[in-house]
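All remarks here apply to the structure that follows.
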Amino acid sequence: MLSLLSGLLFAYFARVQFAEGGSPFRSEIVAVLSFAALVLWPLAIYFYFVHPDWSWMYFLDPRRLPRGLFIGVLMLHLAALLGGYLAGFAAIKARRMRLLYGSMAGLLALLLVLSVLLRGRLSSDGTLEEYRAGTALSLSEGRLGFILVIAMAGLIAGIAITGYALWDCGRRYRS
């Protein structure tokens with residue numbers, strides 16, 4: 001969901017180019033793909049391999065999953081990012097900004113609701129067995145909490161930098 005929301009945000013930041021007839025496959029997509037390669041994928045890979053049980057929110061045993069599944073996970077992140085970006089482009093092109101705003105607000109609300117509903121899983125640091133036994137550490141006790149703060153800061157910085165680059169391209173596009 002974060003990947004989808006990021007894609008919608010990137011379309012929003014590139015709205016000037018899109019509203020004036022620009023293609024989503026120009027230099028703007030390079031910025032979006034760079035975000036995926038430099039921010040999104042490294043975070044996904046780290047959590048998939050270093051905190052696999054948490055990555056699956058203690059719903060699945062990651063040791064039972066096929067080894068190459070992480071490639072599919074990375075492709076899903078990319079598909080969601082590009083899907084959000086292209087859906088945002090379509091909304092802007094059709095002059096349906098309310099749809100874009102509503103989609104972003106709806107995704108953010110869904111993320112918040114899921115965060116509240118899954119707060120026990122989100123705030124646990126351990127293996128699936130530790131979680132089920134009730135012996136998993138809390139985020140403040142283990143290193144995962146610190147890592148999540150750093151990861152969220154990196155994600156927000158990556159979104160801000162990419163968004164600024166897209167916005168700046170729009171400013172130049174208009175000139």
Side-chain angles (χ1 to χ4, degrees), residues 1-12 24-25 28-91 103-163 166:
M1 283 188 278
L2 280 172
S3 298
L4 184 61
L5 181 59
S6 298
L8 289 170
L9 279 168
F10 294 151
Y12 170 77
F25 301 107
E28 291 81 9
I29 199 147
V30 173
V32 174
L33 293 173
S34 296
F35 170 80
L38 298 174
V39 178
L40 192 60
W41 280 0
L43 287 173
I45 290 168
Y46 173 80
F47 284 107
Y48 189 88
F49 286 109
V50 179
H51 299 283
D53 299 88
W54 185 87
S55 291
W56 291 102
M57 288 285 96
Y58 308 105
F59 287 115
L60 300 172
D61 184 355
R63 286 158 288 288
R64 291 185 167 189
L65 299 174
R67 288 194 181 269
L69 185 63
F70 80 94
I71 300 292
V73 170
L74 293 179
M75 292 300 109
L76 283 174
H77 277 291
L78 182 62
L81 179 70
L82 292 177
Y85 174 71
L86 293 173
F89 164 77
S103 298
M104 289 189 295
L107 269 174
L108 189 56
L110 182 59
L111 278 169
L112 290 173
V113 167
L114 286 174
S115 295
V116 170
L117 293 175
L118 299 174
R119 67 185 172 276
R121 293 173 185 271
L122 284 168
S123 63
S124 295
D125 181 5
T127 65
L128 177 63
E129 294 77 23
E130 291 169 338
Y131 176 78
R132 287 182 176 163
T135 60
L137 300 173
S138 73
L139 286 183
S140 61
E141 295 172 320
R143 66 179 179 171
L144 179 60
F146 177 72
I147 297 298
L148 281 172
V149 169
I150 300 297
M152 287 308 293
L155 182 67
I156 291 168
I159 290 170
I161 290 166
T162 305
L166 292 168

- Message: Testing Leu111, Leu107, Leu43, Leu40 one by one against Leu2 for a side chain to side chain contact (heavy atoms under 4.5 Å, CB included), which residue passes?
- Response: Leu111

- Nearest 0.5 Å please: distance from the CD atom of Glu130 over to the CG atom of Leu137. 6.5 Å

- Query: How close do Gly88 and Leu8 get, heavy atom to heavy atom, and via which atoms?
  - Reply: N-CD2, 3.9 Å

- Message: Around atom CZ of Phe146, are there more than 12 heavy atoms from other residues, nucleotides or ligands closer than 6.0 Å?
- Response: no

- Between Ile159 and Phe10, is any pair of side-chain heavy atoms under 4.5 Å apart? yes

- Do Tyr58 side-chain atoms and Gly126 backbone N/O form a donor-acceptor pair below 3.5 Å? yes

- Item | Residue Tyr12 excluded, over 12 heavy atoms near OH under 6.0 Å | no

- Item | Evaluation steps, side-chain contact (heavy atoms from CB on, under 4.5 Å), between Leu114 and Leu110 | CA-CA 6 Å; Leu114 286 174; Leu110 182 59; 4.1 Å; yes

- About how many Å separate CG of Leu108 and CE of Met1, when rounded to the nearest 0.5 Å? 11.0 Å

- Task: Can you measure from OG (Ser140) to CG (Asp125) and round to the nearest 0.5 angstrom?
- Result: 10.0 Å

- Note on the structure: Here the pair of heavy atoms bringing Leu166 nearest to Ala31 is CD2-CB, 4.0 Å

- Item | Residue pair Phe47, Leu148: steps toward the side-chain contact (heavy atoms from CB on, under 4.5 Å) verdict | CA-CA 9 Å; Phe47 284 107; Leu148 281 172; 3.7 Å; yes

- Item | Inter- and intrachain pairs under side chain to side chain donor-acceptor pair (under 3.5 Å), touching residues 42-53, at least two apart | Tyr46-His51, Asp53-Arg63

- Note on the structure: Shortest non-hydrogen pair, Pro42 vs Ala36, comes out as CD-O, 4.0 Å

- Could you give me the CA-CA distance, side-chain angles and deciding distance for Trp54 and Leu122, then say whether side-chain contact (heavy atoms from CB on, under 4.5 Å) is met? CA-CA 7 Å; Trp54 185 87; Leu122 284 168; 3.9 Å; yes

Under 3.5 Å donor-acceptor pairs involving side-chain atoms of residues 66-87, not counting sequence neighbours:
| unit_1 | atom_1 | unit_2 | atom_2 | d |
| --- | --- | --- | --- | --- |
| His77 | ND1 | Ser3 | OG | 2.9 |
| Tyr85 | OH | Pro24 | O | 2.9 |

- Message: Set out, in order, the CA-CA distance, both residues' side-chain angles and the distance that settles side-chain contact (heavy atoms from CB on, under 4.5 Å) for Trp56 and Asp61, then state yes or no.
- Response: CA-CA 8 Å; Trp56 291 102; Asp61 184 355; over 6 Å; no

